[in-house]
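In what follows, every heavy atom counts, from backbone to side chain, and hydrogens, waters and symmetry copies are set aside. Quick caveat, the model's predicted, so the values are computed rather than measured. Note that ligands are numbered from 1 as they come in the structure, with each ligand's atoms numbered from 1 the same way.
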Amino acid sequence: MIRKRDIIIKGFSKLLKEEKLKLVAEYFENPGEVVSLLKSFWHTDEHQQKLFDEFSENTITNFYIPYGISPNVIINGRNYLVPMVIEESSVVAAASAAAKFWSQRGGFHAEVVDIQKIGQVHFSWSGKPAVLQALMPAIKKYLIDAAKPITTNMEKRGGGILDIQLVNMTEKLEDYYQLLVTFDTQDSMGANFINSVLEEFGNSLRTFMAEQLQLSLDERQVEIIMAILSNYTPSCLVKTWVECTIDELENVDENLTGAAFAKKFEKAVKIAQIDTYRATTHNKGIYNGIDAVAIATGNDFRAIEAAGHTYAARNGHYESLSRVEVKDNKFRFILEAPLAIGTVGGLTNLHPLAKQSLQLLGNPSAKELMMVAAVMGLANNFSAVKSLTTTGIQAGHMKMHLFNILNHFKASEEEKSAAVAYFKDQKVSFASVGKYIASMRS
Ligand code: MEV
């Protein structure tokens with residue numbers, strides 16, 4: 001007997017949405033219920049739903065993730081309400097707690113170091129490197145002229161191609177070269193713009209070389225291997241920090257003086273600088289904040305994270321993206337991260353909630369949004385390390401997780417209110433909540 005799961009489905013993408021949904025539901029024991037469940041997550045407004053359906057492919061429903069707000073985020077003197085989209089309990093609470101804490105100590109400081117993006121045309125060529133290098137000024141001009149129809153609008157907005165360099169990689173791979181191209185994409189993340197320019201560069205490079213009659217027939221051949229942006233953007237960099245006197249850290253923890261807290265916090269961050277296992281978790285905490293803002297504003301969080309993790313390994317080993325300075329009675333906590341983020345293009349204005357998020361942030365430029373996202377990374381990192389070095393992470397985390405556990409036990413609203421009151425001064429764990437609910441119900 002052939003099992004359903006062994007059948008290769010043909011033409012799934014060509015089916016109507018309802019047909020796809022029904023086909024998927026047949027994989028469950030209760031297809032009718034599955035269809036109803038998935039349909040219950042459809043938007044009530046048909047036009048809105050169509051918009052969501054068309055963001056991606058083979059869409060059969062929507063997947064909800066909470067949209068929260070972190071208030072009191074003061075950045076360079078300006079007060080923001082920051083939208084955060086994240087499924088993990090504690091992240092918004094941690095960010096909000098850090099924002100409130102630092103709002104009483106001068107707020108967050110932030111600056112954009114640079115906004116350059118990078119793309120590459122990878123190609124093979126079998127001639128002498130010096131010959132290609134000598135042709136570079138002419139190649140550059142030819143490629144830039146050829147890409148004009150694509151770059152003109154971006155140039156009007158103040159961006160465009162910044163530079164094209166030839167990189168000789170033949171020592172690592174036979175005949176392998178790159179055109180390393182730098183871009184300014186202004187307020188857009190710029191992926192489509194960059195990739196279009198690079199593909200045009202690839203085609204034009206082939207044409208240019210084919211026309212160099214002084215070269216041998218072999219030397220006139222260029223094989224374009226691929227043309228694509230790099231998600232590693234070490235020159236699209238933002239820096240954010242908080243600072244206060246050591247005295248202002250008194251009372252952070254009832255068992256530690258301000259100086260002892262600063263020292264312990266510094267040590268925890270130093271551990272993340274030297275130990276890869278800890279660094280990964282430490283940086284994950286940073287991306288809890290950054291990703292939540294990236295998603296809320298319709299940005300590509302995978303690209304942002306990929307760049308951040310590569311940047312964290314730039315010194316030859318993977319390390320913390322944040323660092324601490326404690327000197328002259330001052331505590332300074334700093335985060336530096338690449339952050340290719342946009343406020344125009346992509347989903348930023350198409351997704352109704354991303355658009356709303358940008359409005360809530362005051363329709364920021366890409367540079368301003370880089371600062372906001374980085375600040376939320378630092379805020380989450382501060383809260384996490386503060387908890388880890390004082391109360392431990394579970395006390396706060398499990399309190400925030402309480403509703404998830406209660407929902408697991410299908411607690412009623414009355415049971416939830418009673419549980420919230422009861423667990424105010426009790427240790428939350430899956431077992432303790434289960435026991436409490438069972439005792440209430442018996
Ligand atoms: C959990 O999502 C993030 C933390 O593990 C970060 C950290 O350990 O620094 C709490």
Side-chain angles (χ1 to χ4, degrees), residues 65-70 73 82-102 108 240-242 249 252-253 256 261-296 301-302 304-309 311-313 317-326 331-337 339 373-405 407-408 427-430:
I65 300 185
Y67 181 113
I69 298 291
S70 180
V73 183
V82 180
M84 300 179 84
V85 172
I86 187 145
E87 86 299 346
E88 186 179 334
S89 51
S90 300
V91 170
V92 178
S96 306
K100 190 164 171 215
F101 181 91
W102 286 105
F108 295 88
T240 172
W241 67 98
V242 283
L249 295 174
V252 167
D253 182 71
L256 294 172
F261 169 75
K263 225 169 162 189
K264 200 171 175 195
F265 191 101
E266 183 188 25
K267 198 153 206 173
V269 177
K270 279 198 170 145
I271 290 170
Q273 277 162 350
I274 57 172
D275 178 73
T276 303
Y277 287 101
R278 177 56 205 149
T280 308
T281 319
H282 181 97
N283 288 344
K284 189 272 184 185
I286 292 174
Y287 283 98
N288 275 345
I290 294 180
D291 285 359
V293 176
I295 300 172
F301 62 97
R302 285 90 54 212
I304 291 170
E305 277 216 21
H309 294 303
Y311 190 73
H317 72 276
Y318 186 88
E319 61 187 60
S320 156
L321 287 167
S322 60
R323 62 180 195 275
V324 174
E325 289 167 9
V326 182
F331 171 87
R332 213 160 173 253
F333 184 39
I334 307 144
L335 166 69
E336 204 178 70
L339 233 157
V375 159
M376 299 321 282
L378 186 72
N380 271 99
N381 193 207
F382 177 77
S383 274
V385 178
K386 175 171 164 283
S387 294
L388 288 168
T389 51
T390 55
T391 55
I393 205 79
Q394 281 309 80
H397 182 76
M398 290 309 279
K399 281 246 151 39
M400 296 296 154
H401 194 54
L402 177 59
F403 276 100
N404 286 343
I405 305 177
N407 283 331
H408 177 89
K427 204 169 171 150
V428 178
S429 72
F430 197 82

**Message:** Can you tell me how the ring of Tyr287 sits relative to the ring of His309, calling it parallel under 30°, perpendicular over 60° and tilted otherwise?
**Reply:** tilted
**Request:** For a side chain to side chain contact (heavy atoms under 4.5 Å, CB included) with Met376, tell me which candidate from Ile286, Ile290, Val92, Val73 qualifies.
**Result:** Val73
**Prompt:** Side chain, backbone, both or neither: which part of Leu388 has a heavy atom under 4.0 Å from ligand 1?
**Reply:** side chain
**Prompt:** What residue and atom, counting heavy atoms only, is the protein's closest point to atom 8 (O) of ligand 1, and at what distance?
**Reply:** Arg278 NH1, 2.9 Å
**Request:** Please assess His282 against Ser322 for the test side-chain hydrogen bond (donor to acceptor under 3.5 Å, both in side chains), listing each intermediate value before the final yes or no.
**Result:** CA-CA 9 Å; His282 181 97; Ser322 60; 2.7 Å; yes
**Item:** Protein heavy atom at shortest distance from atom 3 (C) of ligand 1
**Value:** Asn288 ND2, 3.5 Å
**Message:** Within the structure, is a non-hydrogen atom of Val385 found at a distance of less than 4.0 Å from ligand 1?
**Reply:** no
**Message:** Among Thr280, Val269, Thr281, which one puts a heavy atom closest to atom 5 (O) of ligand 1?
**Reply:** Thr281
**Asked** Where is the tightest heavy-atom contact between Ser429 and Met398, given as atom of each residue plus distance?
**Response** CA-CE, 3.9 Å
**Prompt:** So which heavy atom in the protein is nearest atom 1 (C) of ligand 1, and how far is it from that ligand atom?
**Reply:** Glu88 OE2, 3.5 Å
**Message:** Return the closest protein heavy atom for atom 10 (C) of ligand 1 as residue, atom name and distance.
**Reply:** Ile393 CD1, 3.7 Å
**Message:** Could you tell me, atom by atom, which parts of ligand 1 come under 4.0 Å of a heavy atom of Lys284?
**Reply:** 1 (C), 2 (O)
**Message:** The test is salt bridge (charged side-chain N to carboxylate O under 4.0 Å, His left out); show your working for Lys284 and Glu88 and say whether it passes.
**Reply:** CA-CA 12 Å; Lys284 189 272 184 185; Glu88 186 179 334; 2.8 Å; yes
**Prompt:** What orientation do Phe331 and Phe261 show, parallel under 30°, tilted 30 to 60°, or perpendicular over 60°?
**Reply:** tilted
